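Keep in mind it's a predicted model, so treat the numbers as computed, not measured. We're numbering straight along the sequence, starting at 1.
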Amino acid sequence: MINICKLIDRNKKYYIYGIAHIAKFAYDRIAGEFGEDLILGFIQTVPNTNSYCGKNVYNVQQAIDYADESTMFILASKNKSDEMKKNLTDCGISENMIISLRDYWFVGNSIAGKQIQSVFLWPVLNKMNTDLVDKIKWFLPDRIKVRICSSNNDVISAFSDVENIDFVDQKDTEEILKYSDYIYVWDADQIYDNLTDYMSKVIVIDPNFYYQKDIYIYGNTYFNSFSENEKEVFAQHSKKVMKKMQDEFCCKKRANIFCTGPSIEEIYECDFENGINIICNSMIKDRKLMEKLKPSILAFGDVAFYLSPNKYCQAFYKDLIFTFEKYHYYIIVYDYQVPLIKYHFPILYDRVIGMETVRMNEYHFPDHRDLSVKVTRNICTLYMLTVASSICEEIGIAGCTGRNQDETYFWKHNGNTQYLDLMHYVFEAYPAFFKYSNYEDYYEEHCQCIKDLIEYGEERGKRYINLTTSFIPALKERTVNRSEKNG
């Protein structure tokens, strides 16, 4: 059922109608199997963007004008499939030129707002799966009833220290499928026909399945085990901590943000004792750097690297507790991560601020009344620049080196601020994330976000100064001389 490529004829060309999750899923699978040239572009009824996945986005008539007898149209939408089909047939496209992804709609399934009380792991767990066991125990530590169909002694023993796990008999699976809030499919190749009636509840957590799907689900599940009233308690706590932080730093002139690029080594020639120093992610590994900066705020958010049970994260946790106890900094994360952090690291809770990410047209600098920020895909633009801009009028930026033309990963990192010898544990835990990531698109988007966010701040009287070498155009343009770097 998962093999979308069985629908594809390599002698045809294809338009994908839609630009949501199912559309990207279709594009990635088809391009991976047959090459991206098989995809002519994407269609939106009313286009709101010029390109998607590196392909042009057309309206219906434009796409049809470019079509010939070898052209096919893929409907990639759960709720608008019938409307899309009508739009095409009304313009003369025959039904045999249209492919519906109706059987793949579960790809777009996500956790709804309702409170989660139970999940059912599917299919039967006939043998030990250490990765799955570790993730379930870490991300669903209590509250949610997790039902597992297994008679394997190793599996049963692995969950012996967890109270919220129920092992069930295979003859009872139909009843459990019916009444579970969600069906967490850990092996996407085994979405059997007997799930047909429950596809609206199917959530795929197979780490090999698709880009960020399992990371997102794992990261959000525990948060959604709480009622709306309980979530509001967490939100009010974050606002209270934010107010405390704003009051503490209100007299500071400059906030400095420090990222993990190679150019971070250049900061040792400067003095940052008088500023608010904001660091991110695994910078806490570098004890020399921490002593230099004496950080005021730590921001992190990537579940795969900083809030998982893998060995990379375990090294991060060790340094997190050590540096927190020494510098007692504030911690900024996604709002949905706060309950999980409180569960695993209660010592941090009184300094944790959970930010709400929102798809908004304009950027927003959060404060204790409104902790929302615009969705972006990098910790620098998501939290570091926005929080720094909410507190101070002048913002220094260091270690945002960017990417040179000869680099193929996101960009280079400073080895002192990364657990480079442990990176493979993250790759092994979340292989689909790296398989389906488009590094070129990511970098271009990040550079544009930096530019837009800085210009948004400058329109509001903020001043941004780049302190170290950077290939990012908006930062390179704002590099200052040595006399202005201290602060």
Side-chain angles (χ1 to χ4, degrees), residues 115-116 135-144 161-164 215 218-249 276-285 290 294-310 312-357 366-373 379 382-384 386-388 390-391:
Q115 185 176 2
I116 302 174
K135 287 174 179 174
I136 293 298
K137 292 172 69 173
W138 176 266
F139 290 110
L140 287 72
D142 61 5
R143 299 178 61 88
I144 298 173
D161 59 338
V162 185
E163 295 183 357
N164 61 317
I215 298 176
Y218 279 127
N220 278 271
T221 297
Y222 190 63
F223 179 69
N224 283 288
S225 72
F226 293 87
S227 68
E228 291 305 309
N229 288 338
E230 290 171 320
K231 290 178 182 177
E232 182 59 26
V233 172
F234 286 117
Q236 291 302 319
H237 172 83
S238 290
K239 290 180 178 180
K240 179 180 177 182
V241 179
M242 183 70 173
K243 177 67 163 58
K244 180 180 178 181
M245 184 179 76
Q246 288 178 304
D247 290 345
E248 181 178 338
F249 297 146
I276 302 167
N277 295 331
I278 304 174
I279 61 169
C280 65
N281 300 339
S282 55
M283 296 184 78
I284 54 177
K285 171 180 179 285
M290 293 301 94
K294 296 179 175 57
S296 312
I297 301 169
L298 168 68
F300 65 89
D302 193 318
V303 170
F305 287 89
Y306 308 113
L307 200 56
S308 286
N310 62 65
Y312 186 103
C313 290
Q314 290 170 15
F316 173 75
Y317 303 146
K318 182 178 179 180
D319 288 329
L320 175 64
I321 298 303
F322 175 85
T323 55
F324 177 80
E325 290 180 335
K326 186 171 184 178
Y327 303 108
H328 206 54
Y329 43 65
Y330 292 93
I331 298 172
I332 297 177
V333 294
Y334 289 99
D335 56 352
Y336 62 80
Q337 295 173 334
V338 172
L340 198 61
I341 290 173
K342 182 183 180 184
Y343 180 89
H344 288 296
F345 310 105
I347 189 176
L348 307 178
Y349 184 58
D350 285 343
R351 306 287 278 190
V352 169
I353 301 168
M355 296 281 181
E356 180 187 9
T357 54
D367 60 27
H368 67 276
R369 295 175 294 271
D370 183 355
L371 291 178
S372 64
V373 293
I379 196 72
L382 186 68
Y383 296 143
M384 300 177 78
T386 52
V387 170
S390 75
I391 301 173

Margin query: Is there a side-chain contact between I353 and V387 in this structure, where contact means two heavy atoms from C-beta onward sitting under 4.5 Å apart?
Written below: no

Check: Is E163 atom CD crowded by more than 12 heavy atoms from other residues, nucleotides or ligands, each under 6.0 Å away?
Finding: no

Next item on the list: Over 60° means perpendicular and under 30° means parallel, so classify the ring planes of Y317 and F345, tilted if in between.
Entry: tilted

Item checked: V338 side chain reached by F223 side chain, heavy atoms, under 4.5 Å -> no

Margin query: In this structure, is the centre-to-centre distance between the rings of F305 and Y312 below 6.0 Å?
Written below: yes

Checklist line | Contact check, side chains of V352 and V333, non-hydrogen atoms, under 4.5 Å | finding: yes

Note to self: Quick one about N229 and S227 (side-chain donor to acceptor, distance below 3.5 Å, no hydrogens or angles considered), yes or no?
What the structure shows: no

Margin query: I'd like to know whether NZ of K294 has more than 12 heavy-atom contacts from other residues, nucleotides or ligands below 6.0 angstrom.
Written below: yes

Margin query: Please determine whether a side-chain nitrogen of the Lys or Arg among E248 and K243 lies less than 4.0 Å from a carboxylate oxygen of the Asp or Glu.
Written below: no

Check: Hey, are D142 and Y222 close enough side-chain-wise for a donor-acceptor pair under 3.5 Å?
Finding: yes

Next item on the list: Measure the shortest side-chain to side-chain distance between I391 and M245 over non-hydrogen atoms and say whether it is less than 4.5 angstrom.
Entry: yes

Margin query: Would you say that L320 contacts L298 through its side chain, given a criterion of any heavy-atom pair below 4.5 Å between the two side chains?
Written below: yes

Check: Would a 4.5 Å heavy-atom cut-off, applied to side chains only, mark M290 and I284 as touching?
Finding: yes

Notebook entry, point to check: Does F324 have R351 sitting over its ring (NZ/CZ under 6.0 Å from centre, angle to axis within 45°)?
Noted result: no

Check: Roughly how far, to the nearest 0.5 Å, is the CZ atom of R369 from the CD atom of Q246?
Finding: 7.0 Å

Item checked: From CG (N164) to CD1 (I144), nearest 0.5 Å -> 8.0 Å

Next item on the list: Verify whether one side chain among Y334 and E356 offers a donor that lies under 3.5 Å from an acceptor in the other.
Entry: no

Check: Measuring from I347:CD1 to E325:CD, what's the distance to the nearest 0.5 Å?
Finding: 4.5 Å

Notebook entry, point to check: Is the shortest heavy-atom distance from the side chain of M355 to the side chain of S372 under 4.5 Å?
Noted result: no

Item checked: Sub-4.5 Å side-chain heavy-atom contact between K137 and D161 -> yes

Item checked: Steps toward ring pair (Phe, Tyr, Trp, His ring centres under 6.0 Å) verdict (H237, Y349) -> CA-CA 9 Å; H237 172 83; Y349 184 58; 3.8 Å; yes

Checklist line | Nearest-0.5 Å distance that lies between atom CD in E232 and atom NZ in K239 | finding: 6.0 Å

Next item on the list: Indicate whether any N or O donor in one side chain lies under 3.5 Å from an N or O acceptor in the other, for Y218 and S308.
Entry: no

